[in-house]
**Q** 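Below is one structure. I have some questions about it.
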Amino acid sequence: MKAVLNDLRNMQALRGPSSSREYKVAERRLFRVQHESEIGEGGPLTVRQVIQLLKPDDSVGWTIIKQRLLQNRVDAIDSLSKEDRARVMFQRVYGIGATKAERFVQAGFLTLEQLRDACLERAQRIGLEHLDDVECLIPRSESEQWREILLDVFHTVDPQLGAELLGSFRRGDHYSSDLDFVLFHPSVVDMRIPRPSDPNKLDANPLASELLTAVVAELTRRNLLADKLLQHGPLAVKGLVRLPDPGAKARRFDLNFAPFNRRAFYTLAKTGDSDLMMHMRAKARARGWALNEYGIGPANENGSAWTENVLEATDERQIFQFLGVPWLEPEERSFAIYAPRLRITRS
DNA sequence: AAGGATAAGAACTTGG
DNA sequence: CCAAGTTCTT
DNA sequence: TCCTT
Ligand SMILES: [Mn+2]
Ligand SMILES: [Mn+2]
């Protein structure tokens with residue numbers, strides 16, 4: 001099972017974001033088996049369990065299992081040259097994409113072991129260090145723990161600081177790859193504010209930045225961070241947290257600050273899934289609008305809706321209605337459910 | 001009739 | 001400082 | 001399947 005999950009992760013890296021959806025689905029369905037055997041439930045893995053988890057329509061999942069079990073070989077991966085295999089492996093490390101993977105291969109690195117000796121950026125070093133932990137999916141029960149902990153952290157920093165856990169957690173998935181927190185504060189209404197000395201330049205809202213920094217300080221004080229941060233900007237933070245339990249895994253988390261009066265747009269954007277966001281934004285664009293996490297408005301030359309919002313949405317439903325997309329509950333926002341309903345055909 | 005649809009933004013690195 | 005390129009996020 | 005060429 002470990003080998004099969006590894007194959008599915010390699011296939012995701014190999015195929016890229018556009019055509020790896022089915023491999024991701026299969027990984028999420030099968031991860032449950034490994035997780036339950038790790039925590040001592042479920043006993044030995046049976047064919048019946050796999051048949052229950054993997055639906056008949058999951059052809060790519062079945063193909064990988066068949067090849068790995070019967071031949072101990074997956075054609076798409078094992079037929080690659082050692083250089084191509086290295087490119088695929090390297091892209092599984094946080095901070096290494098196609099370009100930088102290629103650069104490392106050109107520099108002569110062929111395995112993750114060798115990559116440890118390469119000159120890595122800070123985030124890449126952290127990504128390599130915690131690769132195994134980060135690839136493990138987060139069971140919903142642990143996400144719920146983190147929601148309690150982080151909401152308390154935010155409240156400690158400022159009682160007016162509100163937050164929600166979005167992404168796959170809000171979509172109701174049983175397992176998540178990371179924890180997507182969105183933060184909001186009644187005094188943070190605009191994310192970009194004109195600079196007093198030069199009103200043409202926009203600076204990030206200083207209160208949002210201060211609150212975000214204070215949250216990081218509180219996470220540090222409580223010893224919840226598993227490593228240095230991957231990113232720390234004025235509006236967004238990416239990093240790794242770990243529960244104080246022995247054997248706990250490092251988990252990827254994101255903090256994103258949302259403008260208080262645009263929470264409906266922000267909630268929609270960060271709930272996803274990403275395919276649905278692309279679809280809705282494409283639909284907006286086809287109608288001459290530009291939709292992003294801050295609103296919807298006439299597209300400027302930059303293609304952004306920053307200038308002015310034309311829909312004062314207080315609820316996600318208003319955005320669906322505006323675009324003529326049938327309403328989807330958060331739990332319905334996965335490609336397999338809405339694709340037939342919205343008549344999207346995409347390989 | 002055939003054929004193409006598929007977004008937008010934050011943060012970092014590097015080079016001037 | 002600024003712009004381009006890269007990566008990551010839904 | 002739907003809109004554009
Ligand atoms: Mn997520
Ligand atoms: Mn995330």
Side-chain angles (χ1 to χ4, degrees), chain A residues 12-13 16-19 21 24 90-104 119-127 134 164-171 173 176-182 191-192 195 197-198 200-205 208-209 212 228-239 252-259 262 265-287 289-297 299-300 302-306 316 319 323-324 330 333-335 339-347:
Chain A
Q12 289 177 53
S18 52
S19 60
R21 189 189 316 110
K24 194 185 236 168
F90 292 172
Q91 286 191 71
R92 286 165 60 173
V93 177
Y94 183 100
I96 302 181
T99 304
K100 291 183 175 172
E102 173 65 23
R103 254 177 245 167
F104 285 124
C119 175
L120 297 174
E121 295 162 13
R122 183 172 53 103
Q124 293 168 341
R125 177 77 55 195
I126 297 170
V134 164
E164 274 188 86
L165 181 50
L166 303 179
S168 54
F169 180 86
R170 180 161 183 260
R171 299 199 304 271
D173 288 2
S176 296
S177 61
D178 67 351
L179 304 158
D180 296 302
F181 286 95
V182 54
M191 303 320 292
R192 304 279 177 182
R195 188 181 300 177
S197 61
D198 180 0
N200 290 328
K201 302 267 194 257
L202 296 175
D203 288 324
N205 186 315
S209 312
L212 223 38
K228 292 187 199 137
L229 294 175
L230 296 163
Q231 283 188 5
H232 184 174
L235 302 176
V237 166
K238 298 185 196 307
R252 276 279 295 109
F253 78 102
D254 294 322
L255 307 177
N256 289 289
F257 223 108
R262 306 286 173 78
F265 287 100
Y266 214 93
T267 301
L268 174 66
K270 293 298 177 186
T271 297
D273 64 8
S274 56
D275 282 310
L276 179 63
M277 287 313 99
M278 284 196 276
H279 180 257
M280 290 182 77
R281 288 174 182 196
K283 187 134 186 165
R285 182 140 289 252
R287 298 182 169 205
W289 303 106
L291 169 68
N292 62 19
E293 59 266 57
Y294 302 118
I296 187 166
N300 61 20
N302 209 3
S304 137
W306 265 87
E316 286 177 311
I319 306 166
L323 292 172
R333 298 178 202 175
S334 71
F335 189 84
R341 214 183 287 183
L342 305 185
R343 290 179 303 232
I344 305 170
T345 52
R346 210 176 287 171
S347 60

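Note: hydrogens, waters and symmetry copies are ignored here, and every other heavy atom, side chains too, is used. Letters A, B, ... mirror the listed sequences (proteins, then strands); counts begin at 1.
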**Q** Give a yes or no on whether a salt bridge exists between Glu121(A) and Arg103(A), defined as a side-chain N under 4.0 angstrom from a carboxylate O.
**A** no
**Q** Just how far, in rounded Å, is P of dC8(C) from CZ of Arg92(A)?
**A** 14 Å
**Q** What's the closest nucleotide to the side chain of Leu235(A) if the choices are dT7(C), dA10(B), dT9(C)?
**A** dA10(B)
**Q** Rounding to a whole Å, what distance do you find between Leu179(A):CG and dT10(C):C1'?
**A** 15 Å
**Q** So Ala98(A), base contact, sugar-phosphate only, or nothing? Heavy-atom distance under 4.0 Å.
**A** sugar-phosphate
**Q** Using a cut-off of strictly less than 4.0 Å, decide whether Lys201(A) has a side-chain nitrogen or oxygen near OP1 or OP2 of dC2(C).
**A** yes
**Q** Between Thr99(A) and dT6(C), is there a contact of a side-chain N or O with OP1 or OP2 at under 4.0 Å?
**A** yes
**Q** Which nucleotide, dA11(B), dT9(C), dT10(C), lies nearest any side-chain atom of Arg171(A)?
**A** dT10(C)
**Q** Which nucleotide wins on minimum distance to the side chain of Tyr94(A), given the candidates dT9(C), dA7(B), dA11(B)?
**A** dT9(C)
**Q** So, does Arg285(A) get its side chain near the phosphate of dT6(B), meaning an N or O under 4.0 Å from OP1 or OP2?
**A** no
**Q** Between Asp273(A) and Arg171(A), is there a salt bridge with N-O shorter than 4.0 Å?
**A** no
**Q** Considering every strand and a 4.0 Å limit on heavy-atom distances, what is the contact class for Leu166(A): base, sugar-phosphate, or nothing?
**A** nothing
**Q** Closest to the Asp254(A) side chain: dC12(B), dT9(C), dA10(B)?
**A** dT9(C)
**Q** In whole Å, I'd like the distance from the CE atom of Met278(A) to the P atom of dT10(C).
**A** 12 Å
**Q** Classify the angle between the aromatic ring planes of Tyr294(A) and Tyr266(A) as parallel (below 30°), tilted (30 to 60°) or perpendicular (above 60°).
**A** tilted
**Q** For Arg170(A), answer base if it contacts any base atom (sugar-phosphate contacts may also be present), sugar-phosphate if it contacts only those atoms, and nothing otherwise; contact means non-hydrogen atoms under 4.0 Å.
**A** nothing
**Q** Under a 4.0 Å threshold between the charged nitrogen and the carboxylate oxygen, would Arg252(A) count as salt-bridged to Asp254(A)?
**A** yes
**Q** Which part of the nucleic acid, if any, lies within reach of Asn256(A) when heavy atoms closer than 4.0 Å are counted: base, sugar-phosphate only, or nothing?
**A** nothing
**Q** Measure the distance from CE on Met277(A) to C1' on dT10(C) and round it to the nearest whole Å.
**A** 7 Å
**Q** Could you grab the distance from atom CZ of Phe335(A) to atom OG of Ser274(A), nearest 0.5 Å is fine?
**A** 10.0 Å
**Q** In whole angstrom, give me the gap between the P atoms of dG9(B) and dC2(D).
**A** 30 Å
**Q** Looking only at atom C1', what distance separates dT1(D) and dA8(B), rounded to whole Å?
**A** 26 Å
**Q** Are any of Arg281(A)'s side-chain N or O atoms less than 4.0 Å away from OP1 or OP2 of dA5(B)?
**A** no
**Q** Which listed nucleotide (dA10(B), dT7(C), dG9(B)) is nearest to the side chain of Lys100(A)?
**A** dT7(C)
**Q** Quantified in whole Å, what is the P atom distance between nucleotide dT6(B) and nucleotide dT10(C)?
**A** 22 Å
**Q** May I ask you to say what Arg333(A) touches in the nucleic acid, namely base, sugar-phosphate or nothing, with a heavy-atom cut-off under 4.0 Å?
**A** nothing
**Q** Round to a whole Å and report the spacing from CZ of Phe265(A) to P of dA8(B).
**A** 14 Å
**Q** Return the value, rounded to whole Å, for the distance between atom CD of Gln231(A) and atom C1' of dT9(C).
**A** 9 Å
**Q** Ignoring the backbone of Asn292(A), work out which of dT6(C), dT9(C), dA8(B) is nearest its side chain.
**A** dA8(B)
**Q** For Tyr294(A) and dA10(B), is the shortest distance between a side-chain N/O and OP1 or OP2 below 4.0 Å?
**A** yes
**Q** NZ of Lys270(A) to CD of Glu164(A): how many Å apart, nearest 0.5 Å?
**A** 14.0 Å
**Q** Look up atom CD in Gln91(A) and atom CD in Gln12(A), then write down how far apart they are to the nearest 0.5 Å.
**A** 12.0 Å
**Q** Hey, does Val93(A) reach any base, or is it just sugar-phosphate, or nothing, if we go heavy atoms under 4.0 Å?
**A** sugar-phosphate
**Q** Given dC12(B), dA11(B), dT9(C), identify the nucleotide with an atom nearest to the side chain of Asp180(A).
**A** dT9(C)
**Q** Tell me: CD1 of Ile126(A) to P of dC8(C), nearest whole Å?
**A** 14 Å
**Q** Under 4.0 Å, heavy atoms only, any strand: does Ser168(A) hit a base, just the sugar-phosphate, or nothing?
**A** nothing
**Q** In this structure, how many angstroms lie between the P atom of dC8(C) and the CD atom of Glu121(A), rounded?
**A** 10 Å
**Q** Closest approach to the side chain of Ala290(A), judged atom by atom: which nucleotide of dA8(B), dC12(B), dA10(B) is it?
**A** dA8(B)
**Q** With heavy atoms under 4.0 Å as the rule, sort Leu276(A) into base, sugar-phosphate or nothing.
**A** nothing
